[in-house]
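The structure displayed is predicted, hence computed values, not measured ones. One is the number of the first residue; the rest follow in order along the sequence.
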Amino acid sequence: MAITKPESEDEREPDAAPAPDPAAPADAAPAATDDDPDRWRRFADGDPAAPPARPGRLSAIGRTLARAARSEWTLAALFSVLLAVAMTWPLATKLDEVIPHDTGDPLLLTYILGWVGHALLDNPAGIWDTNSFWPLTDAYLFTDTLLGYAPLALFATSPASALVVYNLLYIGTFALAFLGAYALLRQLGARVAGSAVAAAAFAYAPWKLGQAGHLQVLSCGGIALALAMLARGHGWSLRGGFKAERQRPGWIIAGWLTALWQFAIGAGLGIPFVYLLLGIGVVVGLHWLVLRPRLRWQTLAADGIGGAVFSLGVLWIADKHAVVAQNYPESVRDAEYISWFSPTWQSFIIAPQESRVWGAAHEAARADLTWAPEQALLVGFTLTALAVAGLIWSCWSGWQRFWLALGGGVVFAISMGPNFLDHGSWAWALLYEYAPGWSAIRTPGRLVLYLTLIMAVLAAGTLTRIADEADEVSHRARVDKRLKVKAPKRVHALLFLPIGLVLWEGLTVAPYVPVPQAPVDMSSLEGPVLFLPAGGGDTKVQYWSIDGFVEVANGVAAFTPHEQEGIRSMSMGFPDQAAIDALRDAGIETVVVQLNTLPGSDWSGMDTATDPFGVEVERTETAIVYDLNPL
């Protein structure tokens, strides 16, 4: 059995060290007393000798690096990365060849990364007007911007390199989700095993398998990490409460910056996160007014500076999106539209079709859903069982469990959108009508990530209580109660076993799809260009356009602008003279017909054998290029 210094559970902090006595000489050794815990530990270890002499500087640096390499957070970060690589295997071996899930939204998001890197290097002020959706303005804001990934986007200088960046970020989202949740749970007071199991449940929840094509949804690790940093900076934990001596202003600044980074990835998750932080701020403010805990001026300054930077950044991005909502009224969704994508009462126990374990078994249940990709929201049966147990038996107090359960219920109600009781009038509808920005959220079911996080906290409480009870049983078996004894390591190792069930439920059957090559040399085209067929396959066109960023009228986003629908209508009779004249008048210079996608499209009856008068035509095996205004 391992022997440690006696300490209360609320006072444990791995990185805390006892403060030296300022009145003692610098070279004085601490006096030994009969009840000195260190003396008893040395006696039990058979080592009554004095501590060794202080090592030299190089030796001290080496020991510091060695301790850092063996630290909990180094090991947690390494484990999170290795686990993410394993759970997404063999993607790491084909970073420049395939893309996860499909060639729809993933290629769109890859294009966005490419555009961000191109704009920042070429013309940062022009980032809002992309080369796609020509001739519309502010097209960059038609969907989630991934602006938080700008540093990595600088490496997306070609279609191939952009694909590598996207795939690395895809793997990284799972690693960050695990590490962020683990940090939050440890800060709240959970033990290592409970934190690891619950973090895995958050990072690899079955509902995320259906979101494999949405990088902006998978990028939720910053939420948990920001909450962990803010809690640590304020010296607060769920188990130990507020500790004035543990305030760390640096962590507060880091927490606010991480929160802003999370919001900059996408407004879809960012807007609810802003309201969560606002709600936490109100609760903390009321708590301070009632109990008046002792806060350092550095803490208040860090909150002031960090909160101001966060608020200004959010308002700047939100103002840009507000301009789009004003200029493009079709981007605003009504309640009937949102209801189509919102979950039902059964959604939270239905797995997406991508689930290797439950996908086939839940096929009949998914058939009753109006839009299964956004409505199959199983959080995991292992996590659910541990969370339910955590409501009854946990290291968290009864009131803490009550508030966690209440928070889970509120999230459940809001995430159902208009499909909750009375069309969501007492939950989602209030936010939709009165909360700025909430009407832009098309898929309220994605708020299930907060329900997953709350259930992870409850699950960690269950496993932590088991670990505490095991230590208590071992300690009571000691004859000398001055020695604090923990249960054997093999006993604590058993608490890691549920992580196997969690990861088993997180396995996917979603494919890694080869990325199609462009049918023409994109950089050689004269824009503006219109690719036919136009529609859902426009994500490929946007991805191909990273090669040169020629202006294209094609584009896919969260909504379809009326102007784009007009250009598509003009092209329906192409290559007849009326369509050619209409496209010329609209400003289109080049039309590219993709031969391999013509069958089954609205343009399937196109005459591809005739060369229109006054148009220069170039044919290849995969495409026909029409120059509408040859010199």
Please check: side-chain N/O of [X] versus main-chain N/O of [Y], any donor-acceptor pairing under 3.5 Å?
X    : Y    : value
S311 : G307 : yes
R366 : A351 : yes
W544 : P516 : yes
S342 : I338 : yes
D129 : T137 : no
R442 : F341 : no
T443 : G445 : no
T560 : E565 : no
D102 : G104 : yes
D105 : G213 : no

Side chains of [Y] and [X]: any donor to acceptor distance under 3.5 Å?
X    : Y    : result
Q375 : Q346 : no
E354 : H101 : yes
W207 : T452 : yes
S158 : S161 : yes
D538 : Q542 : no
R568 : S571 : no
E551 : N131 : no
S339 : N419 : yes

| message | Pair V529, I588 - check side chain to side chain contact (heavy atoms under 4.5 Å, CB included), show working. | response | CA-CA 6 Å; V529 183; I588 299 296; over 6 Å; no
4.5 Å side-chain heavy-atom contact, [X] and [Y]:
X    : Y    : answer
V513 : V98  : no
L109 : L113 : no
L168 : L152 : no
Y450 : S415 : no
P575 : M606 : yes
I580 : V615 : yes
V625 : V617 : no

| said: Please determine whether the number of non-hydrogen atoms from other residues, nucleotides or ligands lying under 6.0 Å from atom OH of Y337 exceeds 12. | reply: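 Yes, the 6.0 Å shell around OH holds more than 12 heavy atoms from other groups.
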Check whether the ring centres of [X] and [Y] lie less than 6.0 Å apart, and answer yes or no.
X    : Y    : answer
F142 : Y328 : yes
F412 : F348 : yes
Y275 : W438 : yes
W256 : F310 : yes

| Residue that, paired with P533, satisfies side-chain contact (heavy atoms from CB on, under 4.5 Å) out of L598, N554, D602, V593 | L598
| task | Check step by step if side-chain hydrogen bond (donor to acceptor under 3.5 Å, both in side chains) holds for S132 and Y111. | result | CA-CA 10 Å; S132 61; Y111 159 75; 3.0 Å; yes
Interatomic distance, [X] atom [atom1] to [Y] atom [atom2] [nearest 0.5 angstrom]:
X    : Y    : atom1 : atom2 : result
K540 : T597 : NZ    : OG1   : 7.5 Å
T344 : I350 : OG1   : CD1   : 5.5 Å
D547 : D521 : CG    : CG    : 6.0 Å
I99  : L107 : CD1   : CG    : 4.5 Å
L136 : T130 : CG    : OG1   : 8.5 Å
E330 : Q564 : CD    : CD    : 10.5 Å

| field | Option from Y149, Y170, W261 for which side chain to side chain donor-acceptor pair (under 3.5 Å) with S219 holds | value |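 Going through Y149, Y170, W261 one by one, the side chain to side chain donor-acceptor pair (under 3.5 Å) with S219 is satisfied by Y149 alone.
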| message | Exactly one of Y432, W345, W426 should register a ring pair (Phe, Tyr, Trp, His ring centres under 6.0 Å) with F420. Which one does? | response |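 For F420, the ring pair (Phe, Tyr, Trp, His ring centres under 6.0 Å) check succeeds only for W345.
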| said: Would you call the rings of H118 and W115 parallel, tilted or perpendicular, taking 30° and 60° as the class edges? | reply: tilted
